[in-house]
There are 4 protein chains.
Amino acid sequence: MISASSLAPARPGRPRSERARLAILEAGADLLLEGGLAAATIEGIAARAGVSKVTIYKWWPSRGAVAVDSFFHRYRQTISFEETGDLAHDLTVQILAVINDFRGRAGEVMAELIGQAQSDPDLAGTLRTRWLDPRRQASTALVRRSIDRGEIAPDVDIQVFLDQIYAPLYFRLTMRHQPLDDSLAQILVHTVLDGVRS
Amino acid sequence: MISASSLAPARPGRPRSERARLAILEAGADLLLEGGLAAATIEGIAARAGVSKVTIYKWWPSRGAVAVDSFFHRYRQTISFEETGDLAHDLTVQILAVINDFRGRAGEVMAELIGQAQSDPDLAGTLRTRWLDPRRQASTALVRRSIDRGEIAPDVDIQVFLDQIYAPLYFRLTMRHQPLDDSLAQILVHTVLDGVRS
Amino acid sequence: MISASSLAPARPGRPRSERARLAILEAGADLLLEGGLAAATIEGIAARAGVSKVTIYKWWPSRGAVAVDSFFHRYRQTISFEETGDLAHDLTVQILAVINDFRGRAGEVMAELIGQAQSDPDLAGTLRTRWLDPRRQASTALVRRSIDRGEIAPDVDIQVFLDQIYAPLYFRLTMRHQPLDDSLAQILVHTVLDGVRS
Amino acid sequence: MISASSLAPARPGRPRSERARLAILEAGADLLLEGGLAAATIEGIAARAGVSKVTIYKWWPSRGAVAVDSFFHRYRQTISFEETGDLAHDLTVQILAVINDFRGRAGEVMAELIGQAQSDPDLAGTLRTRWLDPRRQASTALVRRSIDRGEIAPDVDIQVFLDQIYAPLYFRLTMRHQPLDDSLAQILVHTVLDGVRS
DNA sequence: AAGTAATCGAGACGGTACGTCCGGTCTTCCT
DNA sequence: AGGAAGACCGGACGTACCGTCTCGATTACTT
């Protein structure tokens with residue numbers, strides 16, 4: 001097969017077992033949801049997946065790495081969203097989606113992953129690359145188009161602007177000092193767009 | 001409370017050793033700064049403090065609890081700040097102080113503590129009680145007085161307002177997707193006060 | 001109690017658990033007999049004894065060390081033997097005893113221990129100290145008294161003499177090139193005592 | 001053998017690679033000498049020989065088997081010896097040769113091989129077939145001719161007789177309780193030939 | 001002064017998971 | 001049909017901390 005050889009270099013040796021890869025990710029996701037990050041030990045995942053520990057270490061550098069991959073394997077989320085031309089509305093819709101995710105089991109796991117990332121640079125990198133960056137890029141583009149439309153000032157620091165809208169969600173997720181209500185969405189957007197001065 | 005110290009029930013038995021308590025906190029802080037939270041194991045602290053593990057378990061429920069106490073023992077920070085009557089100015093000054101703390105070794109440790117708190121409810125509680133809540137109360141009072149002065153709208157959701165100003169600092173501390181520059185302070189305050197609409 | 005304090009220095013800390021020590025030795029001996037040295041893994045012994053691996057490592061340096069101790073714990077053998085004044089007879093009786101031991105399960109285990117000792121200096125030392133040396137001393141004394149009685153030449157190299165009598169037993173045990181018959185006893189003694197020249 | 005090479009059935013498929021066979025034996029011998037039997041792992045040998053593990057397993061049943069073959073490949077020893085017609089002299093010469101071998105690195109390796117053979121029947125067999133048996137046959141023949149010459153009694157149990165001479169060498173090699181001196185040779189032979197009675 | 005009680009140090013213990021090594025087996029492609 | 005490459009499962013290794021458990025020694029208050 002021409003396509004096969006051109007796409008895959010056809011390396012010598014036994015090819016990686018897709019069966020093992022999937023079993024690991026499924027087992028990882030299961031444990032993550034059942035008992036949180038603490039339950040997702042390499043040993044536990046290996047046992048549940050019917051796989052040897054070495055096979056996991058072969059393909060993932062750390063416990064955190066398997067965890068994130070397992071998490072994203074299960075929560076294959078979409079970032080795409082329709083753009084109506086009204087920045088306030090588009091942002092609100094997106095924030096509502098994030099709030100909704102964060103309120104469920106996935107939110108708890110995400111919080112633990114962020115937590116673990118504080119002492120696992122590997123995991124931190126993966127989290128940025130696979131979770132934050134894609135969302136940032138989409139949001140940045142959204143804001144940029146809004147600027148082009150003249151909705152908001154052109155000299156706005158987009159990154160700070162986005163932080164002021166999204167950071168509170170992560171802050172409440174991790175510190176739990178205030179609830180993650182749906183009503184948050186509108187207030188967050190409204191405040192940064194219009195300010196609070198009387 | 002006067003009665004508490006002077007009328008201490010004078011319980012029988014050997015009183016708690018102040019020497020041990022301090023040695024533990026010092027050892028904990030040392031290890032925390034040297035090798036991060038990972039290095040601050042109960043075993044390590046006990047060895048370094050010349051104290052038995054049981055003594056630590058006697059007074060602290062978990063590893064995280066000793067860590068926070070050690071951290072705050074070393075970083076005895078003050079929240080107090082002068083109030084000029086100009087909200088924007090007062091907030092900016094305070095944010096600058098936080099940014100400064102977060103940029104140093106203390107910031108790294110704080111990030112790890114927040115991280116660990118995601119899977120240690122005990123630690124999460126301590127962190128809120130001893131770190132976040134006092135700051136929140138001070139800031140809330142500040143904002144309230146500003147409302148009284150008529151600077152900002154009276155129907156502002158103060159908690160969301162404060163989150164939009166402070167959350168970005170914690171977000172950048174834990175996700176490291178953007179730097180913690182001094183310039184942040186002014187932008188953060190300005191945006192929520194005046195909005196970004198053109 | 002005076003005797004108690006004089007015998008045991010009364011070291012601080014929790015005293016070693018005699019229960020654990022015995023459980024380990026029993027479990028070790030069991031596994032040794034059931035599956036040979038290969039079955040007597042640290043992990044297996046720990047599991048069977050209801051003891052943690054660390055406890056074993058605390059008191060024994062290597063797998064071999066536990067094995068020998070377990071072996072001698074079970075086969076608490078006596079070296080003592082009556083001395084009739086007839087060297088040939090006394091030696092023959094003793095050799096018969098060794099042959100008998102070596103033919104049983106204990107012989108197989110002993111062979112494995114000797115085998116393992118070839119790549120475990122620790123074990124080699126223990127084997128010499130606890131097995132060979134005591135026997136050598138008893139035999140040496142026996143021969144010496146025979147010399148005193150004038151039975152054999154005073155310039156005999158006793159160690160070589162003993163090797164020529166006992167080494168064949170170990171040789172046949174480990175190489176299995178010839179059987180370990182009872183008849184061996186008499187021939188071995190007879191040959192070195194009288195020579196084989198016609 | 002002529003017929004073997006010329007009349008080889010010319011089996012189908014790729015013929016066995018002589019290159020691989022030699023590389024394996026050389027690598028095995030190297031590792032054996034450098035780090036003893038423990039270092040001569042299948043994995044290590046394969047890596048060093050630039051050969052796949054399967055190729056080794058294809059031709060050797062166990063780790064021990066490769067080790068012995070590697071050992072004999074390097075130490076291509078000769079058993080042949082001149083026969084002078086004086087048994088005592090001929091034996092002494094041969095024993096001296098063995099003692100000399102045993103004192104060097106080869107002796108250490110041989111001890112480890114014997115050790116491993118205690119829990120590896122495969123290796124035990126190879127060791128008997130390729131090392132002990134040939135020597136035994138040569139020695140037995142030697143003694144038999146001596147009997148024919150009337151030097152020693154015709155009813156001597158040759159196997160026991162040989163054990164009494166050679167076993168001490170293996171005993172001292174494996175137990176290290178006494179040195180392997182050159183002087184041993186003469187004493188060993190002398191004792192069994194003349195007896196030790198005064 | 002003797003008794004009572006809480007504490008402290010030392011350290012042994014069962015347990016869980018770690019990350020690694022090696023043994024054998026397998027699968028795939030190349031020669 | 002070899003053979004090289006290398007992935008895979010299984011089992012054991014030795015280590016690190018955890019949190020709990022004895023001990024004996026210390027240090028107060030109470031009788």
Side-chain angles (χ1 to χ4, degrees), chain A residues 5 8-21 38 41-47 49-59 61-63, chain B residues 9-17 19-20 38 40-47 49-59 61-63, chain C residues 5 9-21 38-39 41-47 49-59 61-63, chain D residues 11-17 19-21 38 41-47 49-59 61-63:
Chain A
S5 57
R11 293 186 303 110
R14 179 174 175 173
R16 176 172 184 182
S17 158
E18 187 63 13
R19 199 212 115 261
R21 198 184 68 86
T41 64
I42 296 277
E43 215 135 74
I45 296 175
V51 144
S52 92
K53 283 200 290 177
V54 188
T55 302
I56 300 184
Y57 282 116
K58 188 87 206 288
W59 303 105
S62 70
R63 182 230 283 253
Chain B
R11 294 185 298 116
R14 179 174 177 176
R16 175 173 183 183
S17 158
R19 201 212 113 260
T41 66
I42 296 276
E43 217 134 74
I45 295 175
V51 145
S52 91
K53 284 199 291 177
V54 186
T55 303
I56 299 183
Y57 283 116
K58 191 82 205 286
W59 305 106
S62 71
R63 182 232 282 255
Chain C
S5 58
R11 294 187 301 110
R14 178 174 175 175
R16 176 172 182 182
S17 158
E18 187 61 13
R19 200 213 113 260
R21 198 186 67 86
T41 64
I42 297 275
E43 214 135 75
I45 295 175
V51 145
S52 92
K53 284 199 289 178
V54 187
T55 302
I56 300 184
Y57 283 116
K58 188 87 205 287
W59 303 105
S62 70
R63 181 230 284 252
Chain D
R11 292 188 295 117
R14 181 173 171 177
R16 176 171 181 185
S17 157
R19 203 212 112 262
R21 199 184 68 87
T41 64
I42 296 275
E43 219 134 72
I45 295 175
V51 145
S52 89
K53 283 200 291 178
V54 185
T55 305
I56 299 183
Y57 283 117
K58 192 84 202 288
W59 303 106
S62 71
R63 182 235 282 256

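Values reported hereafter were calculated over all heavy atoms of this structure, with side chains retained and with hydrogens, waters and symmetry mates removed. Below, chain A is the first sequence line, B the second, and so on; all start at residue 1.
Looking at which nucleotide of DNA chain F each of D:Ser52 and A:Arg19 is closest to, the 5′-most match is held by D:Ser52. Both B:Ala20 and C:Trp59 sit near DNA chain E, but only B:Ala20 has its closest nucleotide nearer the 5' end.
In this structure, A:Ser52 and A:Ala46 approach most closely via the heavy-atom pair C-CB, 4.2 Å. What you find for B:Ala40 and B:Ile45 is that their closest heavy atoms are O-CD1, 4.0 Å.
Here the NZ atom belonging to C:Lys53 is positioned 11.5 Å from the OG1 atom belonging to C:Thr55, to the nearest 0.5 angstrom.
Taking atom CD1 on B:Ile56 and atom P on E:dT7, their separation rounds to 16 Å, with Å as the unit. We find that CZ of A:Arg16 is positioned 12 Å from C1' of F:dC8, with the value rounded to whole Å. One can place CD1 of C:Ile45 at 12 Å from C1' of F:dA12, the figure rounded to the nearest angstrom.
Scored by the side-chain contact (heavy atoms from CB on, under 4.5 Å) test, A:Arg63 finds A:Thr41, A:Ile42 as partners (sequence neighbours excluded).
Neither OP1 nor OP2 of E:dT7 sits under 4.0 Å from any side-chain N or O of B:Ser17.
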**Request:** Sugar-phosphate atoms are those with a prime plus P, OP1 and OP2; base atoms are the rest. Using that split, label each nucleotide of nucleotides 20-27 of chain E B, S or - for protein heavy atoms under 4.0 Å, 5' to 3'.
**Result:** BBBBBBBB
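Under a cutoff of 6.0 Å and an axis angle of 45°, C:Arg16 and C:Trp59 form a cation-pi pair.
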